[in-house]
Amino acid sequence: MERNVRPSGLTAFAIINFIFAGVIGISVMLSVGTLACAGSFSRNQALGPETANISLVTTILNLAVMALLVVSGIGYLKCSPILGRLFGSVYACADAVKTIIALLSLGILQQGSTFIAIITVGNFVWPLLTIVFINFVFNDVWRRRTRLAELASGISSAAAAAPAPAAVPDKKTPPHVVLVMMQSIRQTLRGVQGVLFPLVALVICFTTVGILIAVAQGVQNYAETEGGMNRSQSDRLMRDVVIKQAAYGFFVWLFDDQSQAAPNGPPAKTIAYTPPARDAWADYVTSEKPALLSLIFAVMMTLFPILSSFLAFNQISEDARRKGFRYLLLRTTRSSIFFGKFLAALAIIIPIIVLTVAAVAFFVLISYPFYPVAAVVSWSLWAIVMIFLVSAPSVAFCLLLSALINSGFGSLAAGALTLGFFPLIARLLKDSAGFLVFLQYLLPQKVAYFLMNPRWWVVLLAAVGCVAYVAVYSAGGYFYFKRKSL
Amino acid sequence: MNTVASISNVTKKFGSLVALNEVSFDIPEHSVFGVLGPNGAGKTTLFSVMAGFFRPDEGEVVVFGEKNPELLKGRLAILPQDAQFQSNIPIVDQLTYFLRLMGRSRAEALRETVRTLELVGLADVMYGQAATLSHGMYKRLALAQAFLGNPELIILDEPTSGLDWQSATQIRELVKKLKAEATLVVSSHNMEEMRELCDHVAILNRGKLIKNGPVDEVTGLSYAVDCVLSRGLDEAEMAEIRGIGGIEKFEKTGEAAYSLDLFSSLSKENRDLALKLFFRYLNDRSVFIRSLVEKNKLEDEYLKLTGGKN
């Protein structure tokens, strides 16, 4: 007897494949229309045949990718190793190759048209997730078919017929918290949530970053076309004036009442003209660090805690509602279950953070070569730590909610609304009544921005502060979970 | 008699509802201990408290000398009534994971999982999802996880409810086999099943323990049979039968049908002797027994104690 072996994450993969195939289908139809127009234009010598050829190649590639998406989607639903795993892998490679060809043929990488490029990074997201998930997360779905055949041939029956082995504790067995973490990672990634979280997180981050870079790119193009500047002049303008000033204004607003005197600056003297006091902190992140990267990382530090709630909301609530912990409680401790699940959520978030920051750093380096490589790399590495430190308390906060609420939806709604809107509401309340300033510190974002501070001890305190938030939230969650009727 | 678990004055309340009210009893080693009671009597709550799913409001549960069930590390297993397995993880991997938590190596855990699934007849669906199983198969899967890793005390909350006759019989046979290796605590609404399986029982009603002890003791060591004879007996013959030592009651229940009750104070040997004399009396008068059915005194006792609810 063969039972359904398809995890819900694989079903989600198939559905998303069909959606993307539909989107590509629409774009192919638009391309065909464009080609037809280009054909009539080229007859009138208005458009060169080279453009039409590029469109033709792109259209053919798109059709191939669309077909692969549909076929592999069907393969996922049927759990077929050929249609699913093989065609899925072929699709991923074909889509990646198509994107690279598009980048090279349009000369995007050379010209540094970053807006299109960063959106194109988004094109890599689905092929990348496809390769990783179908070969590493759902690998058993294809392999198990063979093992079922083994079972049918009686190999497993022979094993079963053997006498019961004596219970010998394995000295190499990892600690329970690690076993629970590994199982929880697997369970999360194989569900719909595990597929949607990386997709949504990466797409939202790349889109937001793309919009930021697009604005900068637009200004630079305007300076070159309307201002008559050459590339080096416009680069200097962007680096020293436009990006720096825009980022400076943003950071002064973001850091708000945390502004301070320049760390090494002389005391202000009364002279005929006093320039407006500069914010040393905002100066640091816009002058001493690549301003554009600082801006992007600050946005990501705001976004990631909210996105984390979409991953961490369900760590306990659904299992508690379904009474699934009853199978675990006599085999391990509540602390192993709680902290194992917490570590699992963190372990899933880390690669997403690394991937996003690496992609952003890569495109900033290509598009804005005026930023020193060492500065971009070091600031990006620190950004990974900063984003992780601000996301970890959010995960702990969601775990706390998840322990309190026996409903996945309730926990998600409470987590997303609190993490998304509370900082804004706290800011508004503080602006209207100064004594409510403490509200901003109930969640970690405000403290986490100190990780960008020029003073090392402030950074250290901020890091300790983030860890303290994690400790407080997780201790609260564990306190409740320890006493919860499961 | 060694005890594996001791329940002392356990009280558990849900709001104003008192689910367990100062319940106390001991569970002897290598016994099949039945917990009887009508719906809402507190059987599942009692099991949940024993397994550490709920904390008792008062009293304590000591299993293998431990007050904290978390420290038992697989020595206690339970078949919970309505718990669900993880979604998206194949059945075989879930059971292997449970065994890994109990300290088994990966290979050993897999081998034992396959063996246990074979035992409950689920080996051919081991790579499927638990959510796609039928109710009966799901129950057998839950039983399989309870048998994993050779636990010393197994709590089975209504193990045969919802199962077809064949599966229920298999489970009963399994429980009988496991009795040599482990202590079992079983709840069921099937009195025949409980009488067949259990050597000790505790009867709960509205959260209170009404009676507990060995089955014979709970049923007052009384023994009764219903019999149908080849012919009807006259009053003189019935009086002579009533005069046989050990027979408490002998009544006509039909044309040639009779009900025989022995004194509850009789030892097993004297009970057998009284029956032997009864059979010899009939044989001497060429009266043959057409059918002889042992009456379920446990059910009678249970119905009497719980006010006729099942």
Side-chain angles (χ1 to χ4, degrees), chain A residues 1-10 140-141 144-145 147-148 151-152 156-157 159-174 176 179-180 182-183 186-192 194 318-319 321-336 483 485-486, chain B residues 14 48 51-55 68-78 80-94 97-106 108-112 114-119 123-129 131-133 142 145 148-151:
Chain A
M1 189 185 344
E2 196 171 292
R3 287 269 156 182
N4 180 20
V5 295
R6 190 178 67 239
S8 55
L10 198 57
D140 62 299
V141 173
R144 288 284 156 79
R145 289 268 164 117
R147 286 169 63 182
L148 273 174
L151 187 71
S156 294
S157 299
V168 182
D170 181 26
K171 287 176 185 168
K172 289 178 189 169
T173 303
H176 279 192
L179 283 172
V180 174
M182 300 302 288
Q183 182 80 354
R186 190 156 180 246
Q187 190 194 3
T188 306
L189 290 180
R190 291 166 69 93
V192 177
E318 273 302 299
D319 273 341
R321 190 182 64 78
R322 296 153 57 100
K323 298 180 181 166
F325 289 127
R326 292 188 170 191
Y327 293 124
L328 289 180
L329 284 173
L330 293 170
R331 297 175 171 112
T332 187
T333 59
R334 291 193 184 215
S335 56
S336 295
R483 284 152 186 79
S485 288
L486 294 169
Chain B
F14 297 105
S48 297
F53 306 152
F54 298 163
R55 288 166 151 249
N68 183 1
E70 282 188 358
L71 302 175
L72 293 172
K73 292 179 181 171
R75 293 178 74 191
L76 166 64
I78 186 169
Q81 209 175 66
D82 48 3
Q84 292 178 33
F85 286 88
Q86 288 180 327
S87 49
N88 301 316
I89 303 280
I91 288 165
V92 64
D93 291 351
Q94 294 199 48
Y97 165 56
F98 295 153
L99 281 166
R100 295 277 285 151
L101 288 171
M102 292 160 78
R104 304 292 196 281
S105 69
R106 197 183 298 275
E108 194 176 339
L110 184 62
R111 205 179 312 128
E112 195 170 337
V114 173
R115 187 182 64 83
T116 311
L117 286 171
E118 286 276 1
L119 199 68
D124 54 350
V125 293
M126 63 197 283
Y127 299 120
Q129 306 274 330
T132 63
L133 298 179
Q145 71 75 35
L148 282 177
N150 305 323

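Letters go in sequence order (proteins before strands), and every chain restarts at 1.
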Inset, instruction - Give the C-alpha distance, both sets of side-chain angles, the deciding distance and a yes or no for side chain to side chain contact (heavy atoms under 4.5 Å, CB included) between A:Q183 and B:R100. - result: CA-CA 11 Å; A:Q183 182 80 354; B:R100 295 277 285 151; over 6 Å; no
Inset, instruction - Evaluate side chain to side chain contact (heavy atoms under 4.5 Å, CB included) for B:S87 paired with A:R322, printing each intermediate quantity in order. - result: CA-CA 10 Å; B:S87 49; A:R322 296 153 57 100; 4.1 Å; yes
Inset, instruction - Anything under 30° is parallel, anything over 60° is perpendicular, the rest tilted; go ahead and classify A:Y327 against B:F98. - result: tilted
Legend entry - Contacting region of A:R483 [heavy-atom separation from chain B under 4.5 Å]: both
When rounded to the nearest 0.5 angstrom, what distance separates [atom1] in [X] from [atom2] in [Y]?
| X | Y | atom1 | atom2 | result |
| --- | --- | --- | --- | --- |
| B:Q84 | A:F325 | CD | CZ | 13.0 Å |
| A:T333 | B:N68 | OG1 | CG | 9.0 Å |
| A:L330 | B:R75 | CG | CZ | 12.5 Å |

Inset, instruction - Quick one: closest heavy-atom pair of B:Y97 and A:L179, and the distance? - result: CE1-O, 3.7 Å
Legend entry - Non-hydrogen atoms of A:R334 and B:G52 that approach each other most closely: NH2-O, 2.9 Å
Legend entry - Backbone of B:N88 reached by a side-chain donor or acceptor of A:R190 within 3.5 Å: yes
Inset, instruction - Among A:Q187, A:R321, A:E318, single out the residue with the greatest number of heavy-atom pairs under 4.5 Å to chain B. - result: A:Q187
Legend entry - Proximity breakdown for B:F85 and chain A, heavy-atom pairs closer than 4.5 Å: both
Legend entry - chain A contact via B:S48 - side chain, backbone, both or neither, heavy atoms under 4.5 Å: side chain
Inset, instruction - Between chain A and each of B:A109, B:P151, B:G74, B:P80, count heavy-atom pairs under 4.5 Å; write down the option with the most. - result: B:P80
Legend entry - A:D140 and B:Y127: CA distance, side-chain angles, deciding distance, side chain to side chain contact (heavy atoms under 4.5 Å, CB included) verdict: CA-CA 9 Å; A:D140 62 299; B:Y127 299 120; over 6 Å; no
Inset, instruction - Check whether the side chains of B:Q145 and A:R331 place a donor and an acceptor atom closer than 3.5 Å, and report yes or no. - result: yes
Legend entry - A:R326 and B:D82: CA distance, side-chain angles, deciding distance, side chain to side chain contact (heavy atoms under 4.5 Å, CB included) verdict: CA-CA 10 Å; A:R326 292 188 170 191; B:D82 48 3; 4.0 Å; yes
